[in-house]
Amino acid sequence: MGNHHWKKIAAVMLVAAIGIQPVCVQAKTREEIQQEREQKKSEQQGTQSQYKQSQSKVSSLEGQQDALEEEIQELDSQLVEVIASVSLMQDQISDTEKQIVKAQEDYDVAKAQDELTGALIGLARATDNAPDVNDGTWRLMIEGLFTTVTNVSFNEKTLRELIDRVHAEKARLVPDCSDCAAPCGRAADYDMARLWNAQEDIRSLKSLILFGVRGMAAYAHHALVLGYTDDAVNDFFAKALFAVGEDWGMEELLPIVMEVGEKNLKCMALLDQANTESYGTPTPVTVPLTVEKGPFIVISGHDLHDLKLLLEQTEGRGINIYTHGEMLPAHGYPELKKYAHLKGNFGTAWQNQQKEFAELPAPVLFTTNCLMPPKASYADRVFTTEVVSYPEMTHIGADKDFTPVIEKALELGGYAEDRMFTGINGGNTVMTGFARGTVLGVADKVIEAVKAGAIRHFFLVAGCDGARPGRNYYTEFVKQTPADTVVLTLACGKYRFNDLDLGTIGGLPRLMDIGQCNDAYSAIQIAVALADAFGCGVNDLPLSMVLSWYEQKAVCILLTLLHLGIKNIRLGPTLPAFVSPNVLQYLVENFGIAPITTPEADLKQLLQ
């Protein structure tokens with residue numbers, strides 16, 4: 001037997017051993033095979049259909065997922081907007097809270113200023129026939145009035161300390177009043193609400209008196225620190241304050257208003273004497289607006305005495321000094337400009353300080369007005385002295401030790417390289433120093449130029465600047481003045497145009513800066529001297545005055561011009577709101593005061 005046969009026998013025996021019955025495999029028919037194929041095909045198609053259905057469901061679920069993701073993204077975006085809105089609302093709430101706090105602080109300061117003014121009126125009453133009035137009494141009265149000038153003190157604490165000092169001085173002068181069993185109120189503090197709620201003409205006249213003596217007190221204070229006083233000026237402070245506190249009519253108040261102008265002229269003459277005898281007669285000088293590299297200090301305000309002390313304390317320290325605002329005319333005084341480190345002028349008009357000081361790598365010292373509330377970006381480098389005060393700002397006391405200011409300058413280091421700045425109109429220098437000594441020194445040339453027709457007209461474009469719209473009038477007015485006219489200027493309003501180059505007439509600049517606001521005295525003396533030379537009155541000169549006003553100093557200067565009988569003054573950008581219609585009508589009828597209109601129209605009328 002072959003191997004194949006034996007393998008078959010072994011397989012049968014193995015099947016038998018495990019009890020499996022042999023299966024007889026029969027061959028399938030063609031039909032059966034075809035049916036199986038069709039069945040499998042059907043099953044396969046069913047499976048494919050189920051797969052497609054599953055795919056469709058998957059697709060549908062994926063679409064739903066995409067839609068949900070888009071909704072989630074939209075919700076996320078909305079959530080971000082909500083969070084941003086909530087944050088903005090929180091910022092707005094915070095700003096509103098700050099504004100409320102600031103408004104309350106402003107109210108508290110204004111209230112304290114009114115209380116201080118009322119206390120000063122009480123002090124003025126107490127000086128009447130008091131035997132113990134002394135220099136300290138007048139110093140305190142002047143200091144108190146100066147403190148209430150716009151943009152001098154924002155500090156309720158120092159105001160209330162000053163009120164206490166006024167009360168103490170009044171108690172010294174009239175010691176029996178505080179213990180009187182039947183007080184008559186003769187030396188009592190005045191309730192300022194009575195003034196603000198008075199009949200409008202009375203309120204207007206009293207406001208002119210009060211604002212006028214406040215401005216006048218600033219000039220008296222500057223003279224006082226240099227050792228110059230005037231008994232007539234001091235006495236008038238008490239007289240004017242007394243009048244404000246009395247129930248007088250227009251007939252009694254109007255003469256006091258005009259006397260403010262008279263006494264302010266005397267006060268400005270006193271300060272002129274104090275400045276020229278202390279620092280010399282100003283001479284013309286070109287002042288650069290470039291700040292040199294290295295440490296520097298900016299000094300603002302009007303107090304030349306403080307500038308002199310600062311120059312002395314910084315000499316040889318590698319620190320340069322730059323004037324700001326009304327301190328610019330200091331460059332014309334020989335005893336100040338002799339200091340080599342008095343380099344130039346920084347910035348433009350006072351109302352731009354919050355922008356111009358923002359990135360300043362140097363300290364700023366405020367000696368008088370005009371201080372604006374410092375921004376956080378530079379608040380750490382603002383210093384005050386004298387009557388200027390602001391909460392949390394470092395104050396330099398009566399010892400005048402400017403070490404903190406000097407140390408801050410050295411710490412900040414100034415600019416790494418020279419930095420060029422320009423005025424409002426793009427000029428990189430300004431001129432000053434054309435006080436009466438300079439102008440009258442060439443009076444013969446000026447008179448000859450007028451007689452020869454080279455100078456047709458003089459304009460005094462002067463006064464206080466401010467942020468109110470319409471003050472660009474003064475820039476355009478000066479730009480449009482004809483080439484045969486001369487423009488004299490003074491005070492901070494000059495920053496609207498003092499960097500312009502108007503050319504010259506007979507070797508003199510067509511634009512001449514006389515000085516600070518108190519140097520209106522120089523302008524008056526120039527006008528009076530020219531009138532004498534021509535044998536006429538000031539009102540007959542080819543001279544027009546176009547003034548801008550802002551705060552109390554402008555009031556006392558205006559009243560001085562009216563006291564001198566000067567007429568046809570143009571005043572702007574608007575007429576003072578505290579002047580009632582009846583009082584304004586009196587000024588128009590008697591002095592020809594008129595509001596500015598447009599540069600073109602005003603020039604045409606003034607040059608007729």
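Numbering starts at 1 and runs along the sequence shown. Because only heavy atoms are used, hydrogens play no part in the values below, and waters and symmetry mates are left out as well, while side chains stay in.
For the pair N539/N568, no side-chain contact is recorded, criterion being any heavy-atom separation below 4.5 Å from C-beta on. Side-chain contact between F459 and L488: absent, with no pair of heavy atoms (C-beta onward) separated by less than 4.5 Å. In this structure the side chain of F458 reaches within 4.5 angstrom of the side chain of I455, judged on heavy atoms. Annotation: side chain of F434 is not in contact with side chain of L490 (no heavy-atom distance under 4.5 Å). Between T385 and D306, the closest side-chain pair of non-hydrogen atoms falls below 4.5 Å. The shortest side-chain heavy-atom distance between M420 and L289 does not fall under the 4.5 Å cut-off. Proximity of T147 to E143: side-chain heavy atoms (C-beta onward) are separated by under 4.5 Å at one or more points.
In this structure, a donor-acceptor pair under 3.5 Å is absent between the side chains of S548 and R496. Side chain to side chain, N264 and T560 meet the donor-acceptor criterion of an N or O pair below 3.5 Å. Side-chain contact of R570 with Q605: a donor-acceptor pair under 3.5 Å is present, judged by distance alone. A donor atom on one side chain and an acceptor atom on the other are not found under 3.5 Å apart for T367 and D303. Of the N and O atoms on the side chains of T137 and N134, at least one donor lies less than 3.5 Å from an acceptor on the other residue.
Across all non-hydrogen atoms, the minimal contact from A520 to I557 is CB-CG2, 3.9 Å. Minimum interatomic distance between C492 and W350 (heavy atoms only, all atoms of both residues): SG-CD1, 3.8 Å. Taking both residues in full, the closest heavy atoms of L607 and P482 are given as CD1-CG, 3.7 Å, listed atom of the first, atom of the second, then distance. Here the closest heavy-atom approach between residue G347 and residue E356 is recorded as CA-OE1, 3.3 Å. Taking every heavy atom of both residues into account, Y339 and E335 meet most closely at CE1-O, 3.5 Å. Contact between T283 and T438 at its shortest, heavy atoms only, is CA-OG1, 3.8 Å.
Between E326 and K553, none of the side-chain N atoms (NZ, or NE/NH1/NH2) sits under 4.0 Å from a carboxylate O, so this pair counts as no salt bridge. Between D501 and R510, no side-chain nitrogen of the basic residue sits less than 4.0 Å from a carboxylate oxygen of the acidic one, so the salt-bridge criterion is not met.
Cation-pi check for K567 over F591 is not met; the charged atom does not lie both under 6.0 angstrom from the ring centroid and within 45 degrees of its normal.
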*Please step through side chain to side chain donor-acceptor pair (under 3.5 Å) for the pair E277 and Y228, ending with a clear verdict.*
CA-CA 11 Å; E277 291 184 358; Y228 291 75; 2.6 Å; yes
*Let me see the working for D418 and K293 under salt bridge (Lys or Arg N to Asp or Glu O under 4.0 Å), right down to the final yes or no.*
CA-CA 5 Å; D418 291 357; K293 66 180 180 180; over 6 Å; no
*Determine, stepwise, if the pair K308 / E312 fulfils salt bridge (Lys or Arg N to Asp or Glu O under 4.0 Å).*
CA-CA 6 Å; K308 180 69 158 52; E312 291 174 349; 2.7 Å; yes
*Step by step, would you call Y495 with H324 a ring pair (Phe, Tyr, Trp, His ring centres under 6.0 Å)?*
CA-CA 11 Å; Y495 279 97; H324 173 265; 7.4 Å; no
*Between F402 and F383, is a ring pair (Phe, Tyr, Trp, His ring centres under 6.0 Å) present by the stated rule, with each step listed?*
CA-CA 9 Å; F402 293 118; F383 296 82; 9.3 Å; no
*What's the verdict on ring pair (Phe, Tyr, Trp, His ring centres under 6.0 Å) for F346 and F421, showing C-alpha distance, side-chain angles and the deciding distance?*
CA-CA 8 Å; F346 176 84; F421 294 95; 5.3 Å; yes
*Check step by step if salt bridge (Lys or Arg N to Asp or Glu O under 4.0 Å) holds for K239 and E259.*
CA-CA 10 Å; K239 179 180 180 179; E259 192 176 355; 2.8 Å; yes
*Please test D465 against K494 for salt bridge (Lys or Arg N to Asp or Glu O under 4.0 Å), starting from the C-alpha separation and ending with a verdict.*
CA-CA 8 Å; D465 202 4; K494 61 174 164 270; over 6 Å; no
*Please test T432 against H331 for side chain to side chain donor-acceptor pair (under 3.5 Å), starting from the C-alpha separation and ending with a verdict.*
CA-CA 7 Å; T432 190; H331 291 273; over 6 Å; no
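For K445, the NZ atom counts as loosely surrounded, since its 6.0 Å shell holds 12 or fewer non-hydrogen atoms of other residues, nucleotides or ligands. Within a 6.0 Å radius of CG in D540, more than 12 heavy atoms belonging to other residues, nucleotides or ligands are found.
A distance-only check finds no donor-acceptor pair linking the side chain of T314 to the backbone of R317 [under 3.5 Å]. Checked by atom type and distance alone, the side chain of T485 never pairs as donor or acceptor with a backbone atom of H457 at under 3.5 Å. Q552 places no side-chain N or O within 3.5 Å of a backbone atom of V149 that could act as its donor or acceptor partner. Between the side chain of E386 and the main chain of T368, no donor-acceptor pair closer than 3.5 Å is present.
The side chain to side chain donor-acceptor pair (under 3.5 Å) test with N345 is passed by exactly one of N498, T323, T429: T323.
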